[in-house]
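Please read the structure below before turning to the comments.
Model, not experiment: these values are computed from the prediction. Letters go in sequence order (proteins before strands), and every chain restarts at 1.
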4 protein chains.
Amino acid sequence: MAEAADDRLRLLIERIERLEEEKKGIGDDIKDVYNEAKAVGYDAKIMRQIVRLRKMKPDDRREMEMVLETYKTALGLG
Amino acid sequence: MAEAADDRLRLLIERIERLEEEKKGIGDDIKDVYNEAKAVGYDAKIMRQIVRLRKMKPDDRREMEMVLETYKTALGLG
Amino acid sequence: MAEAADDRLRLLIERIERLEEEKKGIGDDIKDVYNEAKAVGYDAKIMRQIVRLRKMKPDDRREMEMVLETYKTALGLG
Amino acid sequence: MAEAADDRLRLLIERIERLEEEKKGIGDDIKDVYNEAKAVGYDAKIMRQIVRLRKMKPDDRREMEMVLETYKTALGLG
DNA sequence: ATTTTAGGAGTGCAAC
DNA sequence: GTTGCACTCCTAAAAT
């Protein structure tokens, strides 16, 4: 019976759509926070870098930063 | 007083981090649904196309599909 | 001798930079063609879809299109 | 006469496809350089950061780095 | 281990 | 001018 299969697919799609709406809502909330930050003078792009750095394990972060410094020195970007 | 500014930035960052966690959670839920769909034989990639098509306004979708057909015919992809 | 290592890194970086410039140049050329197409009335976005479809193996493309049709029918997007 | 229009579209598409092939070729060359660099012990990910930094105007780069340092200090990532 | 795929970030363009 | 869209790039995850 094809209708059963159709329904199953439709239900899966609808679940995904609901979840994507939620996800979009949260994405909008995040955007709001960045705008709020910008309004008081913070730089959103650099805040994103901070968020990324804080996601890393401290040891990995330090290691990465050290290698970066080394390369920068080698290239005269010190 | 610099500490106040530091705190303000930190609080903004922490709000963003909390929201990103939530967002990631929902992203994982979506992934689960796709896996569930795959497990019963559906093609996730094509399901994503369906989700995209359903996001469009029906008139826009039909218009787009018509133009696409025209181009496909012109290119011998009919 | 650190300078030798520095030079090696610098040379690699410079090769990459040269290649990226070339790549950017070609990207600009592609953009020009799309603009030219738009100027005579074609829809760039749909042209991109055509390019994507033509990249696929014909059998894969037909297979994909058939599954897509099936799903669209199931969802009432026919 | 529809065939003329079809041809025009086809020719535009083919020009794009040729350019995209070239672009892909260069992309592969870039990948080769990164692999070569990796083979002698360099970290490709950090090399990409270097390439990005070198693309910036020196003043902008320094400004950005200073702000980043400020934020890192504020967040205890110093 | 290699290639593909998806998600996220940044950039530039375009429309309003 | 700024908001949104589309494209590119990069990284991480997946699949093979």
Going by side chain to side chain contact (heavy atoms under 4.5 Å, CB included), name the residues that satisfy it together with [X], two or more places apart in sequence or in a different chain.
X       : value
D:Asp29 : C:Leu19, D:Asp32
C:Asn35 : C:Lys31, C:Lys38
B:Arg15 : A:Val33, A:Glu36, B:Leu12, B:Arg18

Nearest 0.5 Å please: distance from the [atom1] atom of [X] over to the [atom2] atom of [Y].
X       : Y       : atom1 : atom2 : value
A:Asp6  : A:Glu3  : CG    : CD    : 6.5 Å
A:Glu22 : B:Ile30 : CD    : CD1   : 8.5 Å
C:Leu9  : D:Met47 : CG    : CE    : 5.5 Å

* Where does the chain D footprint on DNA chain F start and end, counting 5' to 3' with a 4.0 Å heavy-atom cut-off? -> F:dT8 to F:dA12
Return all side-chain donor-acceptor pairs below 3.5 angstrom for residues 69-78 of chain D, not counting sequence neighbours, or 'none' if the list is empty.
residue: D:Thr70; atom: OG1; partner: D:Met66; partner atom: O; Å: 2.9
residue: D:Tyr71; atom: OH; partner: A:Asp43; partner atom: N; Å: 2.9
residue: D:Lys72; atom: NZ; partner: A:Glu65; partner atom: OE2; Å: 2.5
residue: D:Thr73; atom: OG1; partner: D:Glu69; partner atom: O; Å: 2.9

State which residues pass side-chain hydrogen bond (donor to acceptor under 3.5 Å, both in side chains) with [X]; sequence neighbours excluded, sorted by chain then number.
X       : result
B:Glu14 : B:Arg10
A:Asp60 : none
A:Asp28 : A:Lys24

Pairwise N/O distances under 3.5 Å, protein to nucleotides 2-6 of chain E:
residue: E:dT5; atom: OP1; partner: B:Lys45; partner atom: NZ; Å: 3.3
residue: E:dA6; atom: OP1; partner: B:Arg48; partner atom: NE; Å: 3.3

* To do: Please work out which residues in residues 22-33 of chain C have a non-hydrogen atom less than 4.0 Å from an atom of DNA chain E and list them by number.
  => none
* Identify, between A:Arg52 and B:Tyr34, the residue whose nearest nucleotide on DNA chain E lies closer to the 5' end. => B:Tyr34
Any protein N or O atoms within reach of nucleotides 14-16 of chain E? Criterion: under 3.5 Å, listing atom names and distances.
none

Below 3.5 Å, can you tabulate the donor-acceptor pairs from side chains in residues 48-58 of chain A to any protein atom, sequence neighbours excluded?
residue: A:Arg54; atom: NE; partner: B:Glu17; partner atom: OE2; Å: 2.7
residue: A:Arg54; atom: NH2; partner: B:Glu17; partner atom: OE1; Å: 2.9

